[in-house]
Each structure stands twice: as C-alpha cells, then as structure tokens.
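Reading through the structure tokens given below for one structure.
Below, read A as the first sequence line, B as the second, and so on, with proteins coming before strands; counting in each chain starts at 1.
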Amino acid sequence: MAGVGKYNAQEVENHWYDYWMNHGYFHSEIDERTPYTIVIPPPNVTGVLHMGHMLNNTLQDVLIRRARLKGFNACWVPGTDHASIATEAKVVAKLKSEGIEKSDLTREEFLEHAWEWTHKHGGIILEQLKKLGASCDWQRTKFTMDPDLSESVIQVFVDLYRKGLIYRGYRMVNWDPEAKTTLSDEEVIHQERQGHLYYINYAVADSKEKVLIATTRPETLLGDTAVCIHPEDPRYTHLKGKEVIVPICGRKVPIIEDTYVAMDFGTGCLKVTPAHDENDKVLGEKHQLEVIDIFNDDATLNEQGLHYKGQDRFAVRKAIVEELKTLGCLEKVETHTHKVGTSERTGAVIEPKLSDQWFLKMKDLAQPALDAVLNKEVMLVPEKFINTYRHWMEGVRDWNISRQLWWGHQIPAYYYGSGREDFVVAATLEEALELARKRSGNAELSHEDLTQDADALDTWFSSWLWPISVFDGIRNPDNPEINYYYPTNDLVTAPEILFFWVARMIIAGYEYRGARPFENVYLTGIVRDKQRRKMSKSLGNSPDPLDLIDKYGADGVRVGMLLSSPAGNDLMFDEDLCQQGSSFVNKIWNAYRLVSGWTISEEIPQSDSDRKAIEWYAQKFQSVLGEIEDHFSKYRISDALMATYKLVWDDFCSWFLEWVKPEYGKAISADTYAQVVALFEANLKILHPFVPFVSEEIWQKLSVRTKDQALIIAQWPEINAPDTDLIQAFEHTKEVVSGIRTLRKEKNISFKETIDLTVNDVANLGDYYQSAVAKFCNVAQVNYADVAPEGALSFRVRSNEYYVPVSGYVDVQQERKKLLEELAYTEGFLKSVRGKLSNARFVDNAPEAVVAAERQKETDALAKINTINSALESLG
RNA sequence: GGGUCAUUAACUCAGUUGGUUCAGAGUGUUACCUUGACAGGGUAGAAGUCACUGGUUCGAAUCCAGUAUGACCCACCA
C-alpha cells in the first residue's frame with residue numbers, strides 16, 4: 001500500500017486555507033443567486049481570540065459554509081470594533097508604563113498613540129480566525145472607525161438630534177472614577193457586597209435632641225443638604241419643621257417630609273445627598289434642596305471634603321467613621337449586604353454623579369423592535385430569551401451615549417457661546433458654522449469661535465449600525481449592496497450583549513431600513529471549565545485557542561467545540577472533546593486510506609453483495625441527511641454534528657466499508673469502487689461545514705479537480721425521501737449479526753470457524769441480506785426451517801427464531817435455562833399487554849393507533865412464545 | 001425584591017403534541033479481540049427511584065401545584 005500516510009493537520013490546514021483564499025471562494029459579489037449573509041460580531045480591535053470567540057465563529061463558519069454548499073451567495077462580513085473604553089484604557093495603561101500621563105497629552109497627541117496601538121495590535125484577532133478556518137469575505141473587512149463607518153455614525157447622530165430624539169441633559173449618571181467617564185446603565189454590573197450600616201446621630205438645631213440616621217455611605221454626609229422623614233411616622237412628629245446639624249461640617253439642614261421614606265428600614269430617617277444618589281436627587285428637586293458635590297472626577301474629595309480633601313472616598317469612609325466615633329456621634333454599626341454597582345470594564349465602584357450628558361430617547365424607537373421579536377419577525381434562538389428581551393424593551397430607559405473619552409467618534413455638537421443652549425449639531429464644521437451664525441444672529445462667527453463637544457460616543461452607538469453600515473446603507477440608502485445583502489440572515493452572538501448590541505441593532509434596523517437587520521439570532525452560551533467556572537483571563541482557566549489548534553488541528557477543535565453546545569446553554573468545555581474531534585478526523589482520514597489502497601479491476605463484475613451494500617447505504621444516507629436538515633432548521637448544531645458523526649463512523653466505516661471491503665489480496669470491482677467513491681464524496685459534502693480541512697483534502701485526493709470543482713463550492717446532496725422499509729430490513733439484519741456475534745463470544749467460537757444459520761421465517765431476513773450475514777459473521781449457509789433443529793444454539797430477533805447448529809458447543813441445561821428465562825419475560829410482558837387491552841377505559845379512550853399497536857404486541861408475543869416452546873421441545 | 005431557565009447513567013446532553021417490551025446518545029468504564037485503514041481500532045457488556053412530594057389521567061421523564069438545589073437576567077430601599 002503506497003503513499004498515504006498519517007494525517008498531518010497543520011500541513012493540510014495551511015495548504016487549503018491558502019488555496020481557498022487564493023481562489024477567492026470566500027468573496028461574495030452581487031449575482032443572481034439568493035444571498036445568505038452573516039455579519040460578524042466585531043471583536044475588539046486590539047483583542048485576542050478567546051474560547052468564546054472560538055465557539056461563536058465556529059458556529060458562524062458552519063452556517064456560512066453550509067449555505068455556500070446549498071447554493072446561496074454566502075457572504076460573511078468580518079471586522080473589528082474600536083471598543084472605545086477598553087482600547088482607551090489599554091492605551092492609557094501603556095502610556096503610563098512609559099511614564100506618560102493622559103492628562104499631559106492633547107487630544108490629538110493621545111489619538112496618535114491610540115492609532116499607533118490600533119495599527120500594531122489591530123487585526124491580530126482576524127488572523128487568528130483564519131487559523132480556525134473562518135471563511136470570511138476578507139475583502140470586506142470593516143472597522144467601526146473607518147472613515148465611511150464613522151461618517152455613518154455622525155450622520156445618524158445628527159439625524160436623531162434633528163428628530164428630537166437626542167438631547168443634552170443634566171442628569172444623574174453612572175460615573176466610573178477609574179476610567180473617568182460615564183457609563184450606560186447596561187455597563188453597570190450590580191454585585192452583592194458585604195458592607196456596613198452605620199447609625200449616626202445628627203443634632204437637632206436649637207435643642208438638645210438628636211436624631212439617628214442609618215447610612216451605608218457615611219462619607220457622603222459632607223454633601224447632605226436635608227434629612228427626610230415619613231410624614232406619618234409617629235416617632236418623628238415633633239421634629240417637623242425643625243433643622244438638624246450635619247456632624248463634622250456643621251451644616252444646618254432642614255428636616256423634610258416625604259412618603260418615599262420607608263418607615264420600616266433603618267431608623268426611618270434618611271440623610272439626603274442630592275449630588276450622590278439618584279433618589280436623593282429626586283427628593284432634592286422636589287424639595288428644592290441645595291446640591292453639594294463633594295467628589296473630584298477620580299472620586300477623591302474636593303474642597304467640600306474639608307480636611308479630607310484629596311483623599312480617596314474609601315479611605316475617607318474609614319476616617320470619617322473614626323472621627324464620628326471620637327465625636328460621639330456613631331451610635332452603632334451593623335453588617336449589611338447590599339448591591340453595589342461596578343464598572344463592567346474597569347471593575348471600579350460606580351459613583352452616581354450629576355452632569356451634562358447626551359441621551360437618546362428610547363421609548364418610541366424601541367416599539368417596532370419589540371413588536372418584531374414578539375411576532376417572530378426576528379427569531380431569538382432559544383426562545384426563552386424573548387421574555388428577557390421583552391422585559392428590557394418594555395422598561396427601556398434613555399440611553400446615555402456620551403463618554404468622557406477621546407478614543408471614539410467625537411460628538412458633532414459645537415458650542416459658540418457661553419449659554420447652556422448655545423450649541424448646534426451638524427455633520428461638518430462648515431455646516432455647524434452656518435447654523436451657529438443663524439442661531440446666534442452673529443454673521444461674524446468664524447471657525448475659531450466654535451468648540452466641538454469634547455466627549456466621544458458610546459462604542460455601541462456605532463456598532464448598533466453594523467449590519468447597515470458595513471454595506472454603506474446609512475450614507476447611501478439605495479446602493480445595490482445594501483439592497484441585496486440586507487436584511488442579513490443569521491446573527492450568532494452571546495446573550496451577554498443582547499441589550500448592548502442585539503436589541504439596539506434591531507432598533508436601528510427598523511429606524512434606518514424599515515426592516516429587521518437579521519432573521520434569526522442564535523444566542524450561544526458561556527464557555528465554562530469543568531468546574532463550571534466561566535473561562536476568563538483573570539482566572540487563568542482558559543486554554544489558548546491557538547495552542548488547541550496546534551495540538552488537535554482546527555477541524556478537531558471545531559468538532560470539540562460543537563459537540564456540546566446547545567443554543568443558549570453554557571458549554572462545559574473539556575479538552576477531551578477536542579481529542580474526540582481529532583479522533584473523528586483521524587477516522588475519516590483512515591477511511592480514505594482504506595479506499596485509496598484498493599486495487600481496482602475492470603474484470604470483476606459487481607457482486608450481488610456489493611450492490612446491496614450500496615443500495616442500503618444510499619438509503620441510510622438519505623435518512624440521516626433528512627435528520628441533519630431538521631436539526632439545522634432548529635439550530636441544533638450539536639445534534640446535526642452528532643448525526644453526521646454517527647453516520648460516517650458507524651454506518652459508513654463500520655458497516656458499509658466493512659461490507660464492500662474486498663478480501664485481503666483481492667481486487668475490487670471497478671463499478672463498486674466508483675459507487676463507493678461517490679458515496680464517500682456525498683459524506684464529504686455534509687462533513688465539510690464541520691471539518692472543512694480534512695474534507696477538502698480527501699475530496700481533492702479522490703480525484704483531480706479544477707478550481708471550479710473544489711469541495712468548498714460543491715453542491716449539497718439532493719434530499720430525497722429514504723426507503724424506510726429497506727433501512728428497517730437492514731436494521732433487522734444488524735440485530736441478527738449482533739446475535740451471532742454474541743453467541744460466538746458466549747461460546748467462544750472463533751470467528752475463523754465457519755457456521756451455518758437456520759431461520760424459521762424467510763420473510764424478515766429474506767435472502768436479501770444473506771450476503772451481509774455471510775460477510776460479517778462468517779456464515780456459510782442460511783437454511784430455512786419451520787421447526788427448531790435439534791441441538792442448536794438459538795436467539796431471537798423480534799419475532800424470529802434463529803438457530804446455529806454447532807455440535808460440541810451446546811450445553812442443554814444452559815440453553816434450557818436461557819429459554820425459560822426468556823419465556824418467563826415474554827409471558828410477563830404478554831400479561832401486561834393483555835391487562836391493558838382488557839381495560840375498557842384504555843380501549844375506549846386511547847387513540848386507535850395506540851390500541852392497534854398493543855394488539856400487535858399481543859400477537860408478536862404469542863408468536864414468540866410459540867417459537868420458544870418449540871425450541872424447548874427440540875432440546876428434548 | 002421581581003423574573004426566566006434548569007435538575008434524566010460516572011461526565012456532557014437528547015427525549016418533539018403524555019402511549020412501541022417501565023428511558024437514548026457520545027464520552028468514560030469492564031471483558032475479550034486485533035501483524036493488511038485506524039489501539040485515536042473492533043465486538044460485547046455493566047451502568048438511571050428521570051431532584052423531591054402531591055395531583056390530573058386508562059397511562060406521566062413528559063401536564064398541574066408545591067418543595068429543594070443550581071444558574072442567569074432585571075431592579076434606586078438609605
């Protein structure tokens with residue numbers, strides 16, 4: 001056997017990826033075919049591939065390759081996201097390590113560093129995706145800060161502003177003191193923390209009385225501007241209208257009354273700090289309280305912090321508690337668990353802060369996007385996410401879209417005066433100037449008089465346009481590409497960004513295209529380790545995907561990822577799965593090695609046995625193909641893979657190839673060979689989405705192909721209804737084979753010893769699969785007999801009795817025992833069936849088919865009892 | 001505090017509208033086989049009180065109620 005050696009994944013994978021790239025198979029242009037489009041969830045431009053990406057992109061590649069084979073014009077648009085806050089944080093850290101502070105730089109200087117960083121690290125992740133086999137249309141690679149995409153973002157901002165949906169407001173926002181920027185509500189993670197509830201006495205002005213207040217944040221008392229009680233709280237009636245003295249700063253503040261206060265929590269008396277708490281702010285507005293901000297942007301205290309000025313909030317908390325103790329104001333301290341908001345990006349504890357920010361009104365925009373999901377115009381897979389989605393959309397709040405960052409799209413608002421409203425919003429400076437002149441009535445205004453808003457837009461304000469902007473559908477809403485590729489078909493992403501991204505894309509889709517951005521959203525789970533911990537860099541429990549690919553091959557890793565990834569459920573990743581994947585690849589490869597080693601002869605006519613094997617496998621293939629289609633239609637990708645896996649491993653390799661395999665040293669009929677190869681090729685087609693490399697390799701080795709005949713662009717097998725009778729008949733044969741194998745094993749009859757087989761009913765085994773029995777079990781002859789031959793081993797398949805007359809192996813006692821056991825079981829079964837059938841309520845209520853099935857069982861059981869009795873008799 | 005989902009073999013999961021001999025798969029495991037594709041192989045086997053308790057039904061892993069455990073999402077009680 002010449003030539004074909006062990007499989008070398010690395011070599012094969014590099015070779016075929018280059019080949020696919022060089023021949024442009026991944027590239028899509030508009031043509032007469034129906035498009036099938038996926039836009040990649042753009043990873044952070046400077047990110048590196050992690051297991052989540054791996055899962056995500058493997059799924060997308062499976063879908064896109066399958067679509068390509070099914071004759072769609074498959075287009076998978078890759079790209080990256082500028083990831084405003086994440087990237088800026090990395091650049092700031094990098095500069096810091098070089099001794100440069102961001103505050104020392106101008107915006108332009110900083111952006112230069114950021115671009116340099118982006119060019120250096122950007123796109124690494126896309127190169128990594130290529131190792132995985134991702135068949136993205138790389139010519140279409142986009143970046144959210146490409147000039148055209150940036151223009152689209154600005155255009156949308158201006159448009160929404162003019163529609164009155166974007167506004168500037170002085171609001172309580174989530175402040176990340178580490179990144180020194182605001183965050184949207186979605187970027188705040190609430191974590192349960194063990195804290196304390198401090199009970200502090202405030203002195204009542206002009207009296208000896210004290211009032212006890214409970215708080216988790218004693219340091220904010222420096223910003224207190226009132227104390228609030230419930231108007232109907234009998235404990236505090238005498239305090240109405242009085243004032244109290246805030247400890248340490250000695251500020252005299254009013255006691256106000258509001259039903260907002262819960263009488264049953266703490267002491268029923270609340271300190272009000274309008275600058276540092278959302279609810280207090282509401283109270284402050286209602287009661288016209290003074291607002292005293294005590295923090296700097298980095299959450300150290302400002303001059304309002306008195307002698308604590310310049311110190312960090314948490315240090316101050318400790319110090320203030322000590323001071324209160326010294327002053328005798330601290331009554332007691334209780335432990336208290338409560339939820340603390342932290343930054344999704346930096347982990348810093350969020351500080352509620354009042355400031356001027358830009359907001360997008362969401363309520364009206366969200367309505368069509370909510371309807372679309374509820375009426376399944378956009379399908380969420382799995383459907384359980386529909387509820388989550390609805391809940392969020394119904395309660396959606398205005399979106400804070402401004403960030404105090406430099407890396408990103410700068411807000412196109414221009415200030416021309418000192419008033420709060422002295423600004424205009426425009427896509428270009430020229431346009432802004434014109435508008436500013438008009439608004440101010442000052443025709444003398446020049447460029448120098450305009451100052452652009454310093455803030456950048458939230459990253460998601462650009463990615464929510466992604467499915468549209470990658471086809472330039474914002475700037476040129478009528479261009480052929482957007483009309484052809486949009487709406488896209490499937491989106492594959494993580495549920496974590498359902499609100500951040502998916503919901504907002506749907507909103508943008510209806511607002512800017514009047515149509516859904518995609519038909520289906522496949523939400524993957526989180527990749528976890530064996531201990532169910534989320535895989536993360538910080539835990540160090542995440543294998544490097546590229547190491548895995550080195551070790552198991554990309555095909556092996558793809559199979560490993562897909563073997564256990566039901567939509568929306570977490571994936572318990574175990575490296576053994578990749579091992580299983582690579583074993584599968586090896587199995588496919590060895591099937592090829594076998595076939596390639598055969599000597600082909602034109603002289604040999606096709607045997608009856610070969611013909612039957614081919615007939616059977618063709619039908620079996622059809623039957624499994626149908627299952628695979630069904631699984632894909634329900635996005636059950638693991639199941640589709642497992643069906644393919646079993647078809648190839650068990651049916652194709654273990655049954656079919658063993659069946660047609662010529663005896664050692666003999667040649668195979670040329671006709672048979674050609675048909676075996678054709679069936680092998682059909683297998684390769686359905687394998688290709690899962691294991692693109694090994695399938696292409698074998699495909700190209702089975703015969704010489706031109707570039708138009710590559711597997712990647714082959715035609716998916718035609719789907720026909722299988723002949724189920726034929727498949728059933730062979731299932732019966734398999735059981736007979738299995739029965740004989742068991743007998744051989746029990747009686748220790750060597751496979752080399754030829755045996756005969758006697759059947760009591762021709763109908764089921766028939767002569768059709770005699771050849772299979774002969775081939776698999778070394779059976780020389782099959783005979784038919786109505787009654788059991790004397791002194792034979794026996795077994796039963798369904799209602800048939802099979803006998804193997806082998807002298808010297810039959811232990812009469814043991815045979816009898818076995819038969820009696822089987823008889824007892826069958827009689828017991830018959831009894832239970834008859835029990836059901838004699839139950840009038842069952843016969844009356846159960847569907848006809850079910851009753852008929854029971855009657856059939858009864859008949860079968862009776863027949864079986866007869867054959868067993870006959871066998872017992874023959875034993876004597 | 002509100003909500004969603006899960007709980008089936010040692011592990012990871014199927015089990016479609018309740019109905020084939022009171023549950024299947026892959027992996028793992030056990031025994032045996034294996035110098036002609038593959039030990040990353042083959043054959044055969046063992047392994048489950050379908051979380052628990054009730055209920056509906058002729059019949060429940062499947063439907064209903066409750067309990068327990070776990071996961072996730074949302075939420076401004078100091």
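The environment of CD in A:Glu663 is sparse: at most 12 heavy-atom neighbours from other residues, nucleotides or ligands sit within 6.0 Å.
Within the 4.0 angstrom heavy-atom criterion, base atoms lie near A:Val261. Within 4.0 Å of A:Gln856, counting heavy atoms only, lies no atom of the nucleic acid at all. Within 4.0 Å (heavy atoms only), A:Trp649 reaches sugar-phosphate atoms of the nucleic acid but no base atom. Note on A:Asn586: a base of the nucleic acid sits closer than 4.0 angstrom, heavy atoms only. Counting any heavy atom pair closer than 4.0 Å across all strands shown, A:Arg636 reaches sugar-phosphate atoms only and no base atom. Among the atoms of the strands shown, none is found under 4.0 Å from any heavy atom of A:Pro352. Within the 4.0 angstrom heavy-atom criterion, only backbone atoms of the sugar-phosphate kind lie near A:Ser738; the bases stay farther away.
Listed nucleotides: B:U21, B:G40, B:G42. Nearest to the side chain of A:Lys587: B:G42. The side chain of A:Lys745 lies closest to B:A31, out of B:A31, B:G19, B:U4. When each of B:U21, B:G19, B:A78 is scored by its nearest atom to the side-chain atoms of A:Lys864, the top-ranked nucleotide is B:U21. Each of B:G42, B:G19, B:C38 was ranked by its minimum atom distance to the side chain of A:Asn590; first place goes to B:C38.
Residue A:Phe652 forms a ring pair (Phe, Tyr, Trp, His ring centres under 6.0 Å) with just one option from A:Trp659, A:Phe680, A:Tyr592, A:Tyr645, and that option is A:Phe680.
Judged by ring centres under 5.5 Å apart and planes tilted less than 30 degrees, A:Phe829 stacks against the six-membered base ring of B:U21.
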Each nucleotide N or O in nucleotides 22-26 of chain B that has a protein N or O under 3.5 Å away: list the pair and distance.
unit_1, atom_1, unit_2, atom_2, d
B:A25, O2', A:Lys646, NZ, 3.1
B:G26, O2', A:Gln580, NE2, 2.5

Short heteroatom pairs, N/O only, protein and nucleotides 68-75 of chain B, under 3.5 Å:
unit_1, atom_1, unit_2, atom_2, d
B:A75, N6, A:Lys339, NZ, 2.4

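A donor-acceptor contact shorter than 3.5 Å is absent between the side chain of A:Glu285 and the backbone of A:Val282. Looking only at distances, no side-chain donor or acceptor of A:Asp570 sits under 3.5 Å from a matching main-chain atom of A:Val527.
As rounded to whole Å, 14 Å separates atom P of B:G40 from atom CG of A:Asp576.
Nucleotide B:A68 forms a pair with B:U7, judged by Watson-Crick or G-U wobble geometry with both contacts under 3.5 Å.
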Enumerate donor-acceptor pairs with a distance under 3.5 Å from any side-chain N or O in residues 839-849 of chain A to protein atoms, sequence neighbours excluded.
unit_1, atom_1, unit_2, atom_2, d
A:Asn839, OD1, A:Arg841, N, 2.9
A:Asn839, OD1, A:Phe842, N, 3.4
A:Asn845, ND2, A:Arg841, O, 2.9

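The CG atom of A:Leu289 lies 5.0 Å from the CD1 atom of A:Ile256; values are rounded to the nearest 0.5 Å.
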